[in-house]
Amino acid sequence: MKENEVIWGDALDILGTIAENTADMIYLDPPFCTQEKQRMVSSKNSKEYIFDDTWKDMDDYLYYMKKRLVQCRRVLKETGSIFVHCDRNASHYLKVLMDKIFGISNFQSEIIWSYKRWSNSKKGLLNNHQVILFYSKTSQFKFNRIYTEYSETTNIDQILQERARNKNGKAVYKYNADGEIVIGQSKKGVPLSDVWEIPYLNPKAKERVGYPTQKPILLLEQILRLVTDEGDFIIDPFMGSGTTVVAAKMLNRKYLGIDISPDAVALANKRLESLIKTESFLLKKGKKAYRNLSDSQMDILKHFNAVPVQRNSGIDGFLKEYIDGKPISIKIQKEDETLGDALKKMIKSGASKNCCFMILIRTHIDYQQMFPRKDIPENIIVIDSYEVQNELILEKLHCQYCITKNSQTVG
Ligand SMILES: C[S@@+](CC[C@H](N)C(=O)[O-])C[C@H]1O[C@@H](n2cnc3c(N)ncnc32)[C@H](O)[C@@H]1O
């Protein structure tokens with residue numbers, strides 16, 4: 001077996017050829033026991049990738065997994081760790097199996113990979129997470145601490161002040177003999193938790209290759225950084241499109257990928273030739289970076305019972321109700337937009353989303369550039385914001401007052 005290669009074959013056979021105590025880390029993303037044939041057509045070359053995930057029953061699946069997990073344990077170094085990716089179909093059974101093979105005391109974490117994906121098709125709760133079981137081979141496992149940002153609700157005392165236990169064992173802030181606060185050691189952030197919010201690859205992601213159940217490189221990078229260093233050796237016995245080996249190469253780790261599908265091996269080799277990774281805007285900039293609607297704009301949308309849309313110049317929201325199966329968009333005129341500009345943007349975006357009606361909220365009156373209502377298409381309704389309505393009412397009252405006063409003077 002050579003390092004830095006991907007091999008076609010059954011994980012059981014290939015692992016069997018590897019010497020014991022060889023790998024620093026094993027990540028496996030095997031079939032999940034979905035009882036379905038997983039298939040997907042890649043967008044670029046229209047090739048269909050398929051792998052079978054159908055089993056006689058759960059015992060059949062667990063027997064198959066057990067044989068391969070036992071081999072994984074054998075080839076892991078004493079300082080090594082294994083990550084078993086699974087989901088609601090069999091995670092509970094696999095955990096019991098892993099406890100038996102690796103020992104309960106070597107269970108480290110049940111990592112919840114959480115992401116947002118929408119679907120209205122199913123009755124019940126939306127399934128927005130998968131499970132990664134993290135076991136070490138021994139208690140001497142390698143572990144690199146990763147720190148994350150403090151949450152917005154963390155206050156300055158929580159960050160700076162040293163803590164101590166009071167006589168009831170409760171954590172309290174520490175004070176010295178003079179009653180002054182004791183400043184703790186410099187902090188690196190909050191240790192990474194077992195809930196990981198990493199976006200699922202969206203259909204347009206650069207790194208997406210059209211392989212069924214392809215995982216994001218960002219997820220594998222986090223696992224690799226946690227338990228391996230540069231030069232360490234990583235095995236993925238169910239490699240699929242090669243996400244693990246690509247991440248390993250990017251982070252200067254040595255790797256071996258195995259897959260029973262020749263198509264998967266060809267695809268992984270191709271990905272290894274030109275490393276492509278999709279950066280997550282969400283992770284880099286945070287959720288707030290997606291919000292461009294102000295509180296007052298959000299209030300307007302709330303009054304319309306509308307679903308807000310961020311980062312679209314022609315649509316700020318959609319009414320929750322459709323007409324004839326078609327959506328109704330709302331746009332709120334921006335401060336620096338004329339009514340004409342706002343209308344143009346709204347019509348363009350609305351047409352591309354097949355909107356039957358569009359609502360434009362006028363937020364200011366542009367006395368230089370009045371827009372004749374007759375020029376507005378019939379499927380567009382322009383509504384004045386409360387501010388504009390106030391301004392118009394006041395204007396009307398002023399006029400009324402002047403007329404009355406003038407008529408009194410003349411009289
Ligand atoms: C869930 S996919 C892996 C997806 C991968 N993590 C990715 O990001 O593309 C599971 C893979 O296991 C492979 N597989 C199934 N049984 C196998 C076996 N006995 N040995 C090796 N690979 C196997 C399938 O061909 C499939 O590519």
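One-based numbering, in listed order, for ligands and for the atoms of each.
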Side chain or backbone of Y211 under 4.0 Å from ligand 1, or both, or neither, by non-hydrogen atoms?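 Near ligand 1, Y211 shows its side chain, while the N, CA, C and O stay back.
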Work out whether the distance between some heavy atom of M239 and some atom of ligand 1 is less than 4.0 Å. yes
Please list, in number order, the atoms of ligand 1 under 4.0 Å from a heavy atom of [X].
X: G9; result: 20 (N), 21 (C)
X: R68; result: 19 (N)
X: P237; result: 21 (C), 22 (N)

N/O separation below 3.5 Å, [X] to ligand 1:
X: D236; answer: no
X: I260; answer: yes
X: D10; answer: yes
X: A11; answer: yes
X: T243; answer: yes
X: S241; answer: yes
X: K215; answer: yes

Are [X] and [Y] linked by a side-chain donor-acceptor pair shorter than 3.5 Å?
X: H364; Y: Q333; value: yes
X: W55; Y: D53; value: yes
X: S261; Y: D263; value: no
X: Q108; Y: S136; value: yes
X: R225; Y: Q222; value: no

Among all protein non-hydrogen atoms, which one is nearest to atom 16 (N) of ligand 1, and what is the separation to 0.1 Å?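 Heavy-atom neighbour on the protein nearest atom 16 (N) of ligand 1: Y64 OH, 2.9 Å.
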Give the residue and atom name of whichever protein heavy atom lies nearest to atom 10 (C) of ligand 1, and the separation in Å to one decimal. D29 O, 3.2 Å
Six-ring centre of Y64, R68 cation under 6.0 angstrom, axis tolerance 45°: yes
Cation over ring, K249 on Y255, under 6.0 Å and within 45°? no
How are the rings of Y211 and Y49 set to each other: parallel, tilted or perpendicular (split at 30° and 60°)?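 Ring orientation of Y211 relative to Y49: tilted.
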Residue pairs passing the salt bridge (Lys or Arg N to Asp or Glu O under 4.0 Å) test where at least one lies in residues 13-26, sequence neighbours excluded: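 Matches after skipping sequence neighbours: D24-K77.
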Please work out which of V265, D259, V245 has its closest non-hydrogen atom nearest to atom 25 (O) of ligand 1. D259
Using a 3.5 Å cut-off and no angle test, enumerate the donor-acceptor pairs between side-chain atoms of residues 96-106 and protein atoms at least two apart in sequence or in another chain.
{"residue": "D99", "atom": "OD1", "partner": "Y135", "partner atom": "OH", "Å": "2.6"}
{"residue": "N106", "atom": "ND2", "partner": "F102", "partner atom": "O", "Å": "2.8"}
{"residue": "N106", "atom": "ND2", "partner": "K137", "partner atom": "O", "Å": "3.1"}

